[in-house]
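For ligands, and for the atoms within them, numbers begin at 1 and follow the listed sequence. All values reported here derive from a predicted model rather than from experimental measurement. In what follows, every heavy atom counts, from backbone to side chain, and hydrogens, waters and symmetry copies are set aside.
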Amino acid sequence: MTISAEASDGGARAPASTRSPDATGEPWDGLILGASLVTLVGPEGYGEISDGALGWRDGLLTYAGPREGLPGKPGALARDVITTDGWITPGLVDCHTHLVFAGDRAREFELRLQGASYEEIARAGGGILSTVEALRACDEDELLRQSLPRARALCADGATTLEIKSGYGLDFEGERRMLRVARRIGRELGVGVCTTYLAAHALPVEFQEQADAYIDEVIQWLPRLHAEGLVDAVDAFCEGIGFTPAQTRRVFEAARALDLPVKLHADQLSDLGGAALVAEFGGLSADHVEHTSEEGVRAMAAAGVVAVLLPGAYHVLRETRLPPLAAFREHGVAMAVATDCNPGTSPLLSLRQGIQLACTHFRLTPDEALRGATVNAARALGLGDRGALREGLRADFVRWKIRHPAELGYWLGGDLAGGVWIGGQRVHPQ
Ligand code: NIG
Ligand code: FE
C-alpha cells in the first residue's frame with residue numbers, strides 16, 4: 001500500500017517532477033564529488049561505491065555512482081560542484097515517533113528506577129495519561145515550541161523524513177492540535193512528515209470503564225481529521241493497558257473505509273496477536289513486536305508487513321524479551337528501525353543512536369540496521385521514493401564524517417553528520 005504524494009506531506013520541499021532527469025539538458029543543481037556512497041541499492045549490504053559522485057536537480061537525484069562514470073565534466077554538468085570526503089548515505093527515515101508532546105516524564109523514569117513497572121505506572125493513572133494532561137493545557141503554538149527542538153535534533157543527526165503520531169490528546173481538539181503541529185514541523189524544517197492518527201493510544205479519564213464508547217468517538221473523529229488532510233495512516237495500542245484486538249479491529253475497519261493504511265503497536269508487552277491483525281488488514285507495519293509468535297511472523301511475511309524494531313523503548317524499559325529476529329530473517333520479513341521518540345518509553349533524539357541500539361541489543365549488523373533506518377523504514381511508511389541513493393529518487397542524503405559505514409552503528413553520541421540535504425536543499429548545518 002502506498003501513501004500518495006497528495007495525501008502525505010512526506011514530500012515537503014521536493015517539487016514533483018515528471019521530467020526524466022537527463023532528458024532536459026539543463027544543468028544539475030548540485031554535484032558532490034569525492035565521498036564514498038552507501039547506495040543501499042540491491043537486496044543486502046551497503047551497495048558501496050568509493051570515490052563516488054552524487055548529482056541532483058529539482059529535488060531528485062540525477063546521478064549516484066562512481067565519479068569516473070559521470071556523463072561529462074563536473075563543471076559542465078552542475079551549477080554547484082562540491083568536493084568532499086567521508087561517506088554519503090540516504091537520509092534517515094524515522095518511521096515511528098511520538099515527538100509532538102508537552103512536558104516530560106523524568107519523574108516517572110525515577111520511579112521506574114526504583115522498581116515501578118511501566119504498566120503499574122500506567123494503571124495508576126500516570127504514564128501516557130500524565131502526558132495527556134500536560135498536552136491538553138497547551139495551545140498549538142506552545143506545543144510547536146516544545147516539539148520543534150526534538151524534530152530539529154533528529155534532523156541534525158541525519159533524519160530527513162519523520163513519522164509523527166497523535167495519541168496524547170485523546171479528545172478531538174487535542175488530537176487535531178497534535179496533527180496540525182506535526183504538519184507545521186514539516187513546513188518549518190522542510191523535513192518530510194507523515195502523520196499517524198493514534199487516538200486509540202490510551203483510555204482518557206472521562207471514558208474510564210467505557211473503552212467501547214471511546215472507540216466509537218475515535219472512529220467518528222477520524223473522517224473529520226482526514227478531511228482536513230491531517231491523517232496519512234492509522235495506528236492503535238493493542239495491549240492489556242491499551243485496547244483489545246476487537247477494539248483495534250474496529251479502528252482498522254474505520255481506516256479501511258477511508259482507504260487509509262494501518263500499522264500497530266503490536267505485541268510489545270504481551271502477545272495479543274497484534275502482528276497477525278495488521279497482516280489481515282494488509283497494513284504497513286507491526287511495531288515493537290517483542291512478543292510476536294512464529295504464527296504472527298508468518299502472517300506478516302505473507303502480507304508483506306514490515307517489522308518496526310524500537311530498541312530505544314527496549315533499552316529504556318530494560319526489557320529482556322527480544323523480538324523474534326531469527327524468524328523475521330528466516331521468513332523474509334523486512335526489519336525497520338525507528339526511535340519511538342516519546343516521553344515515556346523512549347526519550348531518544350537520534351535515529352543514528354537507534355541504529356547503535358539495534359546493533360547492540362538486537363545484534364543487527366550495521367548494514368541491516370542502516371537499511372532498517374532508511375529503505376525499510378520508507379517501506380514501513382508506504383514511501384517508494386526515498387531510502388536509497390538511486391537516480392530518480394528524492395535527493396535526501398547525509399554526508400557523515402566517518403571512515404567506514406559501520407561507524408554509524410558503533411559510536412555512542414558524537415557529531416557525525418557533516419551535512420544533511422532534504423530534497424536537494426542543505427538543511428544542516430545551516
Ligand atoms: O511506543 N506503548 C505505547 N506507546 C509508546 C509509549 C508512549 C508513552 O509512554 O508515552 C511506545 O512505547
Ligand atoms: Fe510508539
Side-chain angles (χ1 to χ4, degrees), residues 94-109 111-112 116-136 146-147 150 154 162-170 174-175 178 182 194-204 233-243 247-248 251 262-272 274-275 278 284-292 306-319 321 323 336-349 351 354 357 377 380-381:
D94 199 344
C95 67
H96 181 139
T97 88
H98 308 248
L99 73 85
V100 170
F101 61 83
D104 66 75
R105 303 235 291 276
R107 180 71 196 119
E108 175 185 316
F109 177 62
L111 290 175
R112 284 208 309 272
S117 75
Y118 181 68
E119 279 157 299
E120 281 162 6
I121 292 168
R123 288 189 197 283
I128 293 172
L129 292 184
S130 63
T131 301
V132 172
E133 209 180 315
L135 186 132
R136 286 181 176 179
Q146 292 195 33
S147 305
R150 291 187 279 273
L154 288 165
L162 304 171
E163 184 260 13
I164 304 178
K165 300 177 193 296
S166 70
Y168 293 123
L170 311 187
E175 292 293 299
M178 289 185 73
C194 296
T195 56
T196 300
Y197 177 65
L198 177 59
H201 193 197
L203 194 60
V234 175
D235 191 353
F237 185 25
C238 185
E239 192 56 71
I241 54 168
F243 295 92
Q247 288 156 350
T248 303
V251 175
V262 298
K263 56 180 76 182
L264 190 64
H265 282 72
D267 313 329
Q268 179 184 10
L269 307 168
S270 61
D271 181 12
L272 294 185
V278 185
L284 292 170
S285 67
D287 302 33
H288 287 289
V289 293
E290 278 89 342
H291 291 258
T292 297
V306 177
V308 176
L309 307 178
L310 302 168
Y314 179 92
H315 175 76
V316 171
L317 294 180
R318 299 165 60 88
E319 295 288 354
R321 166 90 176 216
V337 174
T339 60
D340 197 13
C341 173
N342 78 71
T345 64
S346 191
L348 176 58
L349 296 173
L351 181 51
L357 292 171
L381 295 176

The answer, listing residues by chain and number that come under 4.0 Å of ligand 1 through any heavy atom, is H96, H98, R105, Y118, I128, Y168, H201, F237, H265, Q268, H288, D340, N342, G344, T345
pair [X]-[Y]: side-chain heavy atoms closer than 4.5 Å:
X    : Y    : value
Y168 : L198 : no
R321 : H291 : yes
T131 : H201 : no

Within a distance under 2.8 Å of the Fe ion (ligand 2), the protein atoms of type N, O or S are H96 NE2, H98 NE2, H265 NE2, D340 OD1
K165: which of D235, N342, T97, T195 passes side chain to side chain donor-acceptor pair (under 3.5 Å): D235
Using only heavy-atom distances, determine whether the side chains of H98 and D340 contain a donor-acceptor pair under 3.5 Å. yes
Counting N and O atoms only, with roles assigned by atom type, does the side chain of E290 sit under 3.5 Å from a partner on the main chain of P323, one being a donor and the other an acceptor? no
Kindly compute the distance separating SG (C194) from CG (L284), expressed to the nearest 0.5 Å. 9.5 Å
Parallel, tilted or perpendicular, as decided by the 30° and 60° cut-offs, for the rings of F237 and H265: perpendicular
What do the steps show when you test K263 against E163 for side chain to side chain contact (heavy atoms under 4.5 Å, CB included), and what is the final call? CA-CA 12 Å; K263 56 180 76 182; E163 184 260 13; 3.5 Å; yes
